[in-house]
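The block underneath contains the structure these notes are about, expressed in structure tokens.
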Amino acid sequence: MSKGRDRRGESASGGAASERGTRRRRLVLGTVTALAVATWPALAGAASPGTLDGNYGNAAAPTVGTAINTVIGSGGVSQGLALQSDGSAVVGGAAVINVNNATTKWALTRFTPTGRVDTTFSGGQAFTFTASQGRSQVQALAVEPAGLAKAGDIVAVGSYFASPGNPAPAVARFTVSGLLDTTFVPTSSTGAGTTVVSLTGAGDGFNAVSVVPNTPATATWAGDIVASGTALVAGSEDVLVARFLPTGAPDPSFGTNGIVTQYFARPGAIGPDQVRGVAVDGSGNVVVSGTAPAVNTCPAPSGDGVLVARFLAASGALDTAGFNAADSIPGGPGALIQGNGQTSGGCPDGYDGASVQIQPAGVSQDIVVAGTQTVPPAIGGDPELHQPVAMRFTSAGALDATFAGGIVFMPMPASVADAGASAVAVQLDATAPAPTATAVVIAGWGYTSATSTAARVVVARFQLSGQVDPNFGNSGTPGVGTYVCGQLQAECGTAVATLNDTRIDVAGSYAQGGGYYMAVQQVDDAAVSVGAAPTVTVTVTGAGGSLAALFPVTLNAPSTVPVTVQYQTADGSAHAPADYTASSGSVTIPAGSTTGVITVPVNNGPNHAGADQSFSLALTGPVADVEVVGAPATVLLHHIGYRLVSADGGIFAFNAPFYGSEGGRQLGAPIVGIASDPATVGYWEVGADGGVFAFNAPFFGSEGGAVLNRPIVGLVPTPDDHGYWEVGSDGGIFAFGDAGFHGSEGGKPLNAPVVALDVTPSGQGYWMVAADGGIFAFGDAGFFGSMGGHSLNRGVVDMAPTPTGLGYWEVAADGGIFAFGDAAFHGSEGGQALNQPIVGIAPDPATGGYWMVAADGGIFAFDAPFLGSMGGQPLNAPIVGMAEA
């Protein structure tokens, strides 16, 4: 056995995951054979984007679009909000213990994707720190991301009062069912599942939290919990940052026993630091946001500025080399304080920073901060006014000029005179290959005047250019791009969260009968910006000649009126009419239905045999009452074909070019396999003696003429077309060209002979499969299970990996299929009467299906097109293998 690489386990084929849809109608353009799906959100009889979603929560006035939990009772103030992957909204805040002395406990509730109290979440309400001696409450929430051991669990941070006037920063973790996770600090003095950081007294608390995801760049700290807030240090309110291990213990590699405190102020400025946001960038570094003193010519808050600081993942030290390196504020580079040069009433306008998010943007990650501009009282004693603001900084710590100069203000409608932002969220295109930002959303509070006491929720959306989104909120000016709602009356707009580019949720508290209740409002959404649509990959199916590419167009919810959308094709590397037929027109989805189809005739002949070509298909609305926003979809015409090889070297090509064969020639040993050249569309044949025969493909060497312990059973090329491997039935590996040697089973005892070899997508690893179904994984090839050690009706004869390299199929001589990892089961010939045994399998990379071939040349297609076979035709020698062309 090779270093434990032969791991023979139980077969474990995964099932398909289901995802709950959103309530807004959207058009989806794709195909059953697509490798990716593109979406064009559409509105058909739905609410306008930037208004309350009437399908969420209560559908009746005055709380339309609002989810309210009255079970927790009066005083259920909302502070934190996090969305789970299924669209459930978890809200955290406080619940009253004693009205007389204003003591509260931590409270959480969860609303279903439709805005109902989720009674499966600890009965709809979860509590902790119930022995509070003050206003203990949750300030922020985070859901543990996918890829972590605790994925889906909820982390809450805030403040805990062990005694009156003595708050402390606190953290707790809840399971997906709303119970305290007792594996999180199981011996805590405040109870398993919770931990309290002992610092210096009044003013201590956590206001924001983030969980480090599991990526190659952040794997060292994956699952760590990062919290930020304010600490009272020697009478000064300083920045507080803490990092905890997934167990809840402080991370000793970060700061001093997991804690960092730091004071920031511009030279000569005096005042407290206040931190309200935290985010983790793509390298695991910790970014915090808040407020710090900027000038000392006027009292706070006029002299405040937005604070942004970055702490290194490896140590917790300020990133003095990479973030705002030229700055000279106390504490050194690594932080910036963005003041305001404007003046009102003789004093400078101040900035009050709130939450922060990292905006994915290629290899760099911009920093987006929400906050409030403070306009001090004018001469004569006019009340102080505020305006919501969003800022974007580059990853190096400079204002991002591409974001409308770096600072943008929320346009205010006439109904709001005084407002501020409490939260920011970056909307993402979840269908893109990598996280891609599409818009910036800020949310907060608003009043009709500076003296009003009736708070309102305000939400605004900005395009990535910094311009307000004209399709969002108020359709007129002033206030375009802004939504204002009057339902949440206190603690308004305390948190905002987005579920990719489909949902905007805002947390707040609903005022009723003299009390407040935890609540969430959902703002209706639409496509975020022109050009945000991802690439869609479409496969043409059929056997030569004139074919049709079918594009299903799907509404995610039926409409009460017919939905019509126009489309238009345009040339790319594929050209009409040689490769496809230029098409335009419209497709209508009838009222009550959800599906239509666009048909584009395509030629799949020799003009692009073996090569991928593309054209674009655009939805060109608006038509009727359907809003279509998105770039044209790039349509990839993936050539489909396969070749069979017989033991005498004969080649049989189906919808693939023929470049020659060894058929009819004298061979030193029978042919045992075929492999396609990924670059030239040629192929290689390999004989049992290791001889290689190249047809329109490069020759890198062979074992032909060498003395072998056991015969060769297969050949597989490197993905870059610069080499190949041969494998013997004893598991010996022979590498040629740039094919790297990653290990072998040669010279080791095997339960059954090796029958096939396949390579990982990177070319840095490979799998072998033996006749008993045992899998041997080398290099970066993952082991996902095998049939080794299981009873088989017939022996395994071949294997094929999935395009991702995260799974594979095994096929037996009776046509039985065994699927592992992300390999889907599409059917088999197991249990069927066959004229001849199965000898090979080839995956269709476009459809995700596969073909099998029998020794008589019969083809069995499973979710893959049937392009022809040699079944029933006389052969000089039996078929021994096949390859996708």
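Counting from 1, the numbers follow the sequence of the chain as shown. Computed from heavy atoms alone, side chains included, the values below leave out hydrogens, waters and symmetry copies.
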Paired with Val755, the side chain to side chain contact (heavy atoms under 4.5 Å, CB included) test is passed by just one of Val797, Val769, Val672, Val727, namely Val769
Review point. Within the side chain of Trp684, is there an N or O that forms a donor-acceptor pair under 3.5 Å with the backbone of Pro698?
Key: yes
Interatomic distance, CG@Leu757 vs CH2@Trp725, rounded to 0.5 Å, equals 8.0 Å
Side-chain touch Pro878/Gln836, heavy atoms, less than 4.5 angstrom:
no
Under 3.5 Å, is there a donor-acceptor pair between the side chain of Tyr766 and the main chain of Asp780? no
| message | I'd like to know if the side chain of Thr581 pairs up with that of Ser583 as donor and acceptor (distance under 3.5 Å, no hydrogens or angles considered). | response | no
Looking only at heavy atoms, the pair that brings Gly649 and Ser661 closest together is O-CB, 3.2 Å
One should read off an interatomic distance between Met852 CE and Leu834 CG, to the nearest 0.5 angstrom, of 9.0 Å
**Q.** Audit row: Leu792, Phe818, side chain to side chain contact (heavy atoms under 4.5 Å, CB included) steps and yes/no
**A.** CA-CA 11 Å; Leu792 300 175; Phe818 309 97; 3.7 Å; yes
To the nearest 0.5 Å, atom CZ of Phe693 lies from atom CD1 of Ile671 at 5.0 Å
Q: Check for a donor-acceptor pair, side chain of Tyr683 on one end and backbone N or O of Gly660 on the other, with a separation under 3.5 Å.
A: yes
Nearest heavy-atom approach of Leu708 to Asp689 is CD1-O, 3.6 Å
TODO: Answer yes or no: is there a donor N or O on one side and an acceptor on the other, between the side chain of Arg794 and the main chain of Pro837, under 3.5 Å?
DONE: no
How about Phe862 and Trp851: are their ring centres within less than 6.0 Å of each other? no
* Asked: Where does the angle between the aromatic ring planes of Tyr808 and Trp767 fall among parallel (under 30°), tilted (30 to 60°) and perpendicular (over 60°)?
  -> perpendicular
For Arg643 and Gly682, the nearest pair of non-hydrogen atoms, with its separation, is NH1-O, 4.0 Å
For this session: Measure from the side-chain N and O atoms of Thr218 to the backbone N and O of Val212, and report whether any donor-acceptor pair falls under 3.5 Å.
Result: no
Rounded to the nearest 0.5 angstrom, the CE-CD1 distance for Met799 and Ile841 is 9.5 Å
Val759 and Pro717 have their tightest heavy-atom pair at CG1-O, 3.7 Å
| request: Determine whether Leu750 and Glu745 make a side-chain contact, defined as any pair of heavy atoms from C-beta on separated by less than 4.5 Å. | output: yes
Residues Asp814 and Ile838: closest non-hydrogen pair is C-CG1, 4.4 Å
With a 6.0 Å cut-off on ring centres, are Trp809 and Tyr850 close enough? yes
Tell me whether the rings of Phe736 and Tyr724 are parallel (<30°), tilted (30 to 60°) or perpendicular (>60°). tilted
Value for OH (Tyr659) from CG (Asn696), rounded to nearest 0.5 Å, stands at 4.5 Å
Distance col, row Met882:CE vs Asp798:CG, nearest 0.5 angstrom, shows 10.0 Å
**Asked** Should we count CG of Asn793 as having more than 12 external heavy atoms under 6.0 Å?
**Response** no
* Ser676 side chain to Glu884 main-chain N or O, any donor-acceptor pair under 3.5 Å? -> yes
Only residue of Val880, Ile674, Ile859, Val839 satisfying side chain to side chain contact (heavy atoms under 4.5 Å, CB included) with Leu644 is Ile859
Heavy atoms of Ser702 and Gly704 approach each other most closely as OG-N, 3.1 Å
